[in-house]
Each structure stands twice: as C-alpha cells, then as structure tokens.
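To keep things clear, I will list the structure first and then write my remarks on it.
Bear in mind the structure is a predicted one, so any value in this text is a computation, not a measurement. Hydrogens, waters and symmetry mates play no part in the numbers below; they use all other heavy atoms, side chains included.
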Number of protein chains: 4
Amino acid sequence: MRQTNRPLGRPHMSDRKKPTKEIILENAVKLFLKRGYQLVSMDDVAKECDVTKATVYYYYSTKAELFTDAMVQMMIRISDRIKKILSIDRPLKDNLLEIVKIHLRATFDIDLKTFIKDAKISLTDEQMIQMNYAEEKMYEVIENAIENAMNKGEIPQGNSKFATHAFLAILKVGNFRDMNNQSIINSIDEMANEIVNFFWRGMKV
Amino acid sequence: MRQTNRPLGRPHMSDRKKPTKEIILENAVKLFLKRGYQLVSMDDVAKECDVTKATVYYYYSTKAELFTDAMVQMMIRISDRIKKILSIDRPLKDNLLEIVKIHLRATFDIDLKTFIKDAKISLTDEQMIQMNYAEEKMYEVIENAIENAMNKGEIPQGNSKFATHAFLAILKVGNFRDMNNQSIINSIDEMANEIVNFFWRGMKV
Amino acid sequence: MRQTNRPLGRPHMSDRKKPTKEIILENAVKLFLKRGYQLVSMDDVAKECDVTKATVYYYYSTKAELFTDAMVQMMIRISDRIKKILSIDRPLKDNLLEIVKIHLRATFDIDLKTFIKDAKISLTDEQMIQMNYAEEKMYEVIENAIENAMNKGEIPQGNSKFATHAFLAILKVGNFRDMNNQSIINSIDEMANEIVNFFWRGMKV
Amino acid sequence: MRQTNRPLGRPHMSDRKKPTKEIILENAVKLFLKRGYQLVSMDDVAKECDVTKATVYYYYSTKAELFTDAMVQMMIRISDRIKKILSIDRPLKDNLLEIVKIHLRATFDIDLKTFIKDAKISLTDEQMIQMNYAEEKMYEVIENAIENAMNKGEIPQGNSKFATHAFLAILKVGNFRDMNNQSIINSIDEMANEIVNFFWRGMKV
DNA sequence: CATGAATGAGACTTCATTCAT
DNA sequence: AATGAATGAAGTCTCATTCAT
C-alpha cells in the first residue's frame with residue numbers, strides 16, 4: 001500500500017521549487033523598482049528570497065550585474081506585453097488606450113533615466129550597453145506601431161521617435177500625485193482617455 | 001577629511017567673500033542635481049566647498065536638512081525664472097517656447113518624483129511638506145498662466161492641471177538621448193518648436 | 001518727577017543678574033549629576049545657561065575643569081549641609097536620622113567613585129587631587145562626629161573611618177529601586193529609621 | 001581600523017579556537033567593567049579581540065546589544081558563583097564571609113545603577129528589561145539565603161530585601177580607597193570580618 | 001549548491017576645542 | 001565679556017564583497 005500522501009503523477013507546477021536564480025531575479029526586480037539601486041542592499045535581496053547573501057553572490061557576482069539583469073529582464077517583459085497589445089489588429093488609438101490603462105493600473109512608475117543614473121557609477125560599460133539595448137528595443141516596439149499607423153495613414157507622417165517619446169512622456173501625467181496624493185483626474189478610464197486624446201491631437205498635422 | 005594644515009578656528013574675515021552657508025547651499029544644489037541624494041556624501045559637499053565636514057554640519061545639522069534646503073531653494077529659483085518669462089505680455093505660446101528653449105539649454109534634467117524618492121526615507125515629515133509646497137508653487141506658476149490663457153480664449157477651456165503636467169512631461173522629450181547620446185532632433189530651436197506645437201495641438205479641442 | 005518704574009532703594013536680589021560664571025557652574029552641577037560626565041556636552045551646558053559654547057569656554061577652559069569645579073563646589077555644599085546638621089547638640093543618632101531623611105528626599109543619588117571614573121581619563125592630576133580633597137573633607141565631617149560620639153561614649157570606640165563609610169553605604173539602600181521602580185520600604189521615615197537602626201546596631205560592640 | 005593585511009573572507013578554521021562571538025563577549029565584559037559604556041568604543045572591543053569592527057557588528061548589531069549581552073552574562077556568572085557558595089551547608093555567616101572575601105579579592109567594583117545609567121539612553125526597553133531581570137535574579141540568590149536563615153532562626157525575622165541590599169552596600173566599604181589609594185583596613189581577612197560582623201550585628205534585633 | 005564568517009572602505013554624526021572679532 | 005565660525009578626531013553603523021567549507 002502507498003504510504004505517502006503525494007498524489008499520483010507529475011507534481012503541480014507550484015510544488016516544484018523554482019530555480020533559485022529566478023527567485024533572486026524576481027525579488028531583485030521588485031525591490032529595485034520599489035526603492036532604486038542605492039537603497040536596495042544585497043542583504044535586502046537575500047532576505048526577501050530567504051537565502052543568504054552569499055547565495056545571491058553565487059549567482060550574481062556583483063550588485064551591478066544583478067541590477068542589470070533585473071532591469072533588462074523587466075524591460076523585456078514590458079516590451080513583450082506592449083508588443084502583444086499592439087499586435088491586436090484594430091486602430092492604433094485603441095491599442096494605445098489599452099496600454100495607458102494597463103500602465104495606470106500598475107503600481108510602479110519610475111523614470112528610467114533618473115533611475116539608472118542612480119546605479120550608473122557602479123555599472124560597467126558592457127552593462128550600460130545591455131541596458132540601453134533593452135531600453136531601445138522597448139521604444140522600438142511602440143515606434144514601429146506608430147510608423148505602421150503613419151504608413152497606413154491613420155496618423156500623419158512625422159517623426160516617429162518624437163511621437164514615441166511624447167507618448168511615453170504624457171503617459172506619466174497619469175501617475176502624478178499632488179501633496180495629498182491626489183491624481184489630477186480620479187477615474188483611471190477618464191484619465192486614460194484624456195491622455196490618449198491629448199496625444200492623438202498632438203500628432204495631427 | 002581635509003588634509004591641509006589650515007589652523008583651527010575662524011579664518012580672517014577678509015579672505016572669504018560669500019557667506020559660507022551660501023557657498024555650501026550652492027554646491028549642494030549642484031552636487032545633488034548631478035548625482036542624487038544617496039550618491040552625494042557630506043564629505044563630497046565639504047570638499048567641493050573647501051571646508052571640513054564639520055563646517056557643513058555647523059550650518060546644516062543633517063544631510064536631509066541640507067538636501068531639503070537645497071531643493072527648495074532650487075525650486076524657488078526655477079519658479080522665479082518661469083514667472084519672469086510668463087509675465088511678459090505676449091501670446092502664451094511664445095512664452096512657453098521661451099521656457100522650452102531655456103530648459104533645453106540647461107544642463108540638468110531630473111525627474112523630481114524619482115529624485116526625491118531617493119531621499120525620502122531620510123526626510124522628516126516636515127521636510128517633505130516643505131519640498132512638496134515648493135513643488136506645488138512651481139506648478140502653480142504655469143497653471144496660472146494656462147488658466148489665464150483659457151480665460152482670454154487663447155486656448156480652449158479645460159483641465160489646467162492636466163495641461164500643466166502635460167506640458168512639463170513633453171518638455172522632457174527634449175532631454176531624451178539615445179544609446180549614442182543623440183537627441184531626437186538635433187537643433188534646439190527645432191526641438192523647442194516641435195514640443196510647443198505638439199503641446200499646443202494637444203490643448204486644442 | 002521720577003520717570004522710571006524702578007522702585008526706590010536697592011533692587012531685589014532677583015533683579016540683579018547673577019554672574020555668568022555662577023550660572024554656568026550651577027547648571028553644570030545639575031547636568032553632570034543628572035547624566036554624568038560623558039553624557040553632558042559643553043553645548044548642553046551652554047544651552048542650559050542660554051549662552052554660547054564659547055562663553056562657557058571663556059570661564060572654564062576645558063570640560064574637565066568645569067566638571068572639577070562643579071563637583072568640588074557640590075561636595076562643599078554637601079559638607080556644609082551635613083556639618084550644619086551635625087553641629088546641633090543632640091544625640092548623634094538623631095542627627096544621623098536627620099541626614100538620612102534629607103538624603104532620601106533629595107532627588108539624586110550617585111556613586112561618587114563610578115561617577116568620577118567616567119571623567120577620570122580627561123582629568124589632570126591636579127584636578128583629581130582637588131576632587132579627592134573635597135571628597136575626603138566631606139567624609140571627615142561625618143568621621144569627626146562619629147569620633148566625638150565615641151569619645152563621649154555614645155557609641156563604642158572603633159574604626160571611625162569604617163563606620164563613616166558603612167554609614168554612607170547603607171544610606172544608599174534607601175535609594176534602591178527595583179524593576180518596577182519600587183523602593184524596599186515605601187515610607188521615607190520608616191526607611192530612615194530602618195537605616196539608622198541598622199547602622200546603630202552595627203556599631204555596637 | 002586594523003592595519004594588518006589579513007586577507008578578506010573567513011580565515012582557516014584551524015587557527016582559531018574559541019568561537020569569535022565568545023571572544024567578543026568576554027572582552028566586552030572586561031572593557032565595559034573597566035571603563036563603562038561611554039568610554040568603550042566598538043573599535044576598542046574589536047582591537048582587543050584582534051578582529052575588525054565589522055566583525056563585532058556581525059555578531060552584535062549595536063553597541064547597546066553587546067553591552068546588554070555582556071552585562072547579563074556577567075550577572076549570570078556572578079549569580080552562579082554566589083549560588084554555589086551559598087549552597088554549602090554551614091552557617092550563613094560563614095558563607096557570607098566567603099562571599100565578602102572573594103569580592104574583596106576581585107579587581108572590579110562598580111555601582112550597577114550608576115553604571116547602567118551611563119548606557120541607558122542607548123538601550124531599548126527590551127534591553128533594559130533583560131538587564132533588570134538578570135539583576136533581580138542576582139539579588140534573589142542572596143535574599144533566598146537570608147530568608148532561609150531567618151526561617152531556621154539563625155537571624156531574627158525581618159525584611160529580607162532590606163537585608164540583602166544592606167549586605168551588598170556594606171560590601172562596598174571594602175572597596176573604598178582614599179586619596180592615597182589606601183583601604184580602610186589593610187588585610188582582606190580583617191576587612192571581611194569587620195564587614196560581616198557589622199552586617200550581622202545590624203541584623204540582630 | 002549554498003552558506004557563515006570576515007573584512008575594508010566609507011557613510012553620517014558628535015564634540016571638545018580654537019580663534020578672530 | 002561674549003560670540004560665531006571653524007576644525008580634527010573620533011564614534012556608530014552599513015554594505016559590497018571575499019573566501020573556506
């Protein structure tokens with residue numbers, strides 16, 4: 001007779017322990033996004049993962065490397081999400097609206113440039129290149145969609161790079177909170193509309 | 001710590017011109033803007049001012065206090081500059097263009113929110129309030145100008161707060177640099193025009 | 001006609017400002033007794049006196065000197081008080097009882113030796129000698145009274161130095177407070193009696 | 001900071017015998033007893049143990065924690081020693097005499113209250129509680145022995161707490177040294193006798 | 001694969017003291 | 001007589017990193 005209580009067959013995904021390296025990376029992403037490079041110590045990461053600092057160093061030989069990996073991985077994930085939305089075949093404006101809404105619902109909002117500057121002195125050139133590359137890729141996804149729309153005549157021809165960054169910039173208006181932690185417009189849907197409409201009007205001749 | 005053999009005590013009044021406190025504040029602003037809160041040590045500030053750390057502490061009893069004072073002072077200076085430009089009696093669009101041009105010529109560009117988050121855990125509530133207040137004042141200057149223009153019919157009535165932050169957001173597109181440190185549009189004047197036009201179109205019905 | 005509101009005659013004692021040096025000394029005594037040598041800074045003393053640190057240094061060229069003066073002055077005051085009580089012509093036991101009661105009512109209780117050790121490394125030999133001298137004088141007052149009583153036959157002949165220190169030691173039992181800040185005996189009078197009786201019995205053959 | 005060029009990381013296990021934590025605690029006890037809380041720096045402790053400051057912090061995350069642990073451990077050791085002596089089955093007076101002799105031979109003598117006050121502002125409530133608890137336990141050992149003797153009729157019934165603290169107080173007379181570092185009674189045995197006899201007489205009706 | 005132990009460098013802060021006015 | 005400004009030395013604590021096991 002079987003003695004153990006383990007169910008028959010392959011264990012559920014959740015039962016199998018995730019590789020430690022992944023655990024570390026995920027927690028690192030979370031912590032870095034919340035507090036920034038300087039305010040996260042390797043000890044913090046270790047504690048969050050329930051391993052020792054030495055274990056973190058076993059997988060990532062410097063904090064800068066962990067940061068780079070964490071950021072790149074995050075940017076890739078963001079790129080993928082955006083790409084997925086933009087691949088839906090409907091007017092660009094609808095897709096952008098969707099992106100804005102998702103962004104507004106997300107809990108974090110950082111300014112990549114200021115954010116990375118915090119880590120810059122610790123990063124090697126190679127690491128900077130990796131991050132920059134991932135960053136550009138992220139922008140390209142949107143840029144391509146805009147160029148597409150321009151070619152299709154959805155929006156007038158123009159500087160797609162400028163458009164991309166203008167879009168990303170206005171996106172952040174949605175994250176603004178005043179002294180009393182109040183947003184400019186309370187409803188997320190209304191805010192999203194306002195943002196996309198503003199952008200859309202800006203793009204027109 | 002300083003290595004020179006400058007004697008203890010107060011130096012002859014004659015050889016210093018500006019009050020030490022001012023010198024410290026100015027250098028602090030400069031350093032904080034360049035590197036952010038965490039990456040500037042009180043020693044850095046002291047060295048930059050050619051005084052000892054203890055002297056810095058004589059005037060500012062904590063780093064957080066120095067930071068707060070530095071930021072508030074900077075925001076007040078920015079407010080004043082913007083106010084001065086906006087007080088010129090000509091179409092708002094022209095004034096905004098001027099602001100954009102000046103901003104693009106300035107060397108620094110920081111994201112206030114991300115920037116302050118870096119210092120947040122060290123700041124007292126009182127200090128946060130001071131900074132928030134100075135920040136709001138800064139926004140109000142632009143907001144008032146926009147409301148004015150709305151009332152005059154220069155631009156359609158609308159959410160002036162949203163407009164203000166949209167303007168400040170797009171402003172930053174001008175500071176974007178890609179992997180190769182290239183701006184999206186090379187000429188400052190062209191970029192300024194693009195930015196203001198984009199904003200202006202976005203504001204229209 | 002007189003214009004001022006100052007009353008005729010010599011001004012009240014309170015109106016005349018006490019010499020700064022005295023103010024400093026008094027506050028120093030107070031602070032040192034409360035916190036000990038190390039935990040009182042010259043700044044603390046200055047603040048307490050509403051003068052600047054430099055003023056304190058004007059009168060006392062080092063912290064050690066201020067401490068020494070403060071302690072000596074305090075010990076002299078204590079000697080005087082004890083002397084006054086002991087000079088009353090009644091049984092020694094009654095006088096001791098009075099001393100105990102007064103001591104128990106006082107707010108401070110320090111162990112001189114431990115207390116001075118805290119300052120020792122900063123004190124010059126000369127300063128140590130001054131303090132030791134004042135300390136011995138303090139003990140002598142009691143010692144003399146005990147010797148007197150021995151000569152008068154009030155108590156048996158014996159080692160008067162031992163007796164003095166035994167008395168001072170048991171005195172401190174009255175200051176003991178347990179974890180919950182409770183004294184061993186609640187009523188001061190009862191405690192004083194217990195102490196003196198214990199001492200008195202101890203002195204008997 | 002240590003100047004030697006000892007390589008980073010953990011040294012070979014072989015060349016160290018006692019666990020580092022123990023070494024640190026022992027040296028801390030020694031130093032704190034000699035100089036008190038304020039006058040012992042973490043660097044002092046580190047140097048005494050021939051490790052770096054960082055190592056001390058590896059085991060004790062604050063100076064207050066190290067102090068607390070050191071004091072508690074010391075009080076426990078004292079309790080144990082006293083308990084051992086008092087457990088010998090002979091007249092209480094003989095046991096007390098033994099305790100006094102051992103105490104007089106020991107090199108240190110501190111006033112716990114004054115001693116702890118020096119550290120108090122740095123201690124957490126929890127740490128104060130730990131120390132108070134250890135202190136009370138120490139007193140209880142003697143108190144119990146006294147109560148026992150009272151029950152056996154060796155000494156008259158009375159306030160055992162008062163008796164305990166009276167004993168500990170007179171004990172300190174033996175540690176008194178005058179200006180010239182002279183004890184009141186030169187021979188330790190004589191002094192011990194004098195002390196115990198004084199206490200014993202004091203206890204009698 | 002993972003960890004416990006150790007370290008060097010550097011951060012913030014305090015403080016007794018000095019000196020020109 | 002009093003003070004504001006400045007300093008050097010030291011103290012507590014943090015942290016990225018290393019290494020033997």
Run the salt bridge (charged side-chain N to carboxylate O under 4.0 Å, His left out) test against D/Lys120 and tell me which residues pass, sequence neighbours left out. none
How many whole angstroms separate atom NZ of A/Lys63 from atom C1' of E/dG10? 14 Å
Counting distance only, does the side-chain N/O of B/Gln38 pair as donor-acceptor with the main-chain N or O of B/Ala119 below 3.5 Å? no
Distance check needed: F/dA5 C1' versus B/Ile23 CD1, whole Å only. 13 Å
Taken in chain and number order and not counting sequence neighbours, the residues that satisfy salt bridge (charged side-chain N to carboxylate O under 4.0 Å, His left out) with A/Lys113 are A/Glu135
Without decimals, in angstroms, what is the distance between B/Met42 CE and E/dA11 P? 12 Å
Could you tell me which residues satisfy salt bridge (charged side-chain N to carboxylate O under 4.0 Å, His left out) with A/Lys53, sequence neighbours excluded, listed by chain and number? A/Asp43
Any side-chain heavy atom of D/Gln73 within less than 4.5 Å of one from D/Arg77? yes
Could you tell me whether a side-chain N or O of C/Glu22 sits under 3.5 Å from a main-chain N or O of C/Pro19, the two making a donor and an acceptor? no
Near-strand residues of residues 28-39 of chain A, defined as heavy-atom separation under 4.0 angstrom from DNA chain F: none
Does B/Val40 reach a base, just sugar-phosphate, or nothing at all? Heavy atoms under 4.0 Å. sugar-phosphate
Would you mind reading off the distance between C/Tyr60 atom OH and F/dA1 atom C1', rounded to a whole angstrom? 15 Å
Looking at B/Thr20, does any N or O in its side chain come under 4.0 Å of the phosphate oxygens OP1/OP2 on F/dA6? yes
When the distance from CD1 of B/Ile24 to C1' of F/dT7 is rounded to whole Å, what number comes out? 13 Å
Checking all strands, does A/Tyr59 fall into the base, sugar-phosphate, or nothing category for heavy-atom contacts under 4.0 angstrom? sugar-phosphate
Whole-Å gap separating P (F/dA9) and OH (B/Tyr58): 21 Å
Got C/Met131 and C/Leu123 here, is their nearest side-chain heavy-atom distance under 4.5 Å? yes
Contacts to DNA chain E from residues 50-57 of chain C, heavy-atom cutoff under 4.0 Å, which residues? C/Lys53, C/Tyr57
Below 3.5 Å, can you tabulate the donor-acceptor pairs from side chains in residues 62-71 of chain A to any protein atom, sequence neighbours excluded?
{"from": "A/Thr62", "atom 1": "OG1", "to": "A/Glu65", "atom 2": "N", "distance (Å)": "3.1"}
{"from": "A/Lys63", "atom 1": "NZ", "to": "A/Tyr37", "atom 2": "O", "distance (Å)": "2.9"}
{"from": "A/Lys63", "atom 1": "NZ", "to": "A/Val40", "atom 2": "O", "distance (Å)": "2.8"}
{"from": "A/Glu65", "atom 1": "OE1", "to": "A/Ser61", "atom 2": "OG", "distance (Å)": "2.8"}
{"from": "A/Thr68", "atom 1": "OG1", "to": "A/Ala64", "atom 2": "O", "distance (Å)": "2.7"}

Spacing between D/Lys47 atom NZ and F/dG11 atom P, to the nearest angstrom: 8 Å
Take atom CG of A/Asp43 and atom P of F/dC13, then tell me their distance rounded to the nearest Å. 17 Å
According to salt bridge (Lys or Arg N to Asp or Glu O under 4.0 Å), does anything in residues 25-39 of chain A pair up with another residue at least two apart or in another chain? List the pairs. A/Lys18-A/Glu26, A/Lys30-A/Glu48, A/Arg35-A/Asp44
Consider side chain to side chain contact (heavy atoms under 4.5 Å, CB included). Of C/Asn132, C/Thr124, C/Asp125, which one does C/Met128 pass it with? C/Asn132
Taking the six-membered ring of A/Tyr60 as reference, does the cationic atom of A/Lys21 (NZ for Lys, CZ for Arg) lie under 6.0 Å from its centre and within 45° of its axis? yes
Can you tell me which stems involve DNA chain E, if a stem is defined as three or more consecutive Watson-Crick or G-U wobble pairs, both distances under 3.5 Å? E:2-21 with F:2-21
Whether C/Asp111 side chain and D/Asp111 backbone form a donor-acceptor pair below 3.5 Å: no
So, with a heavy-atom separation below 4.0 Å from DNA chain E, the residues of residues 116-127 of chain B are none
Pick the closest DNA chain E nucleotide for B/Ser41 and for A/Lys21 by heavy atoms, then say which residue is nearer the 5' end. A/Lys21
How would you list, by chain and number, every residue that makes a side-chain hydrogen bond (donor to acceptor under 3.5 Å, both in side chains) with A/Ser122, sequence neighbours excluded? none
Name all residues meeting the side-chain contact (heavy atoms from CB on, under 4.5 Å) criterion together with A/Thr20; count only those two or more places apart in sequence or in a different chain, and write none if there are none. A/Ile24, A/Val51, A/Thr55, A/Tyr59
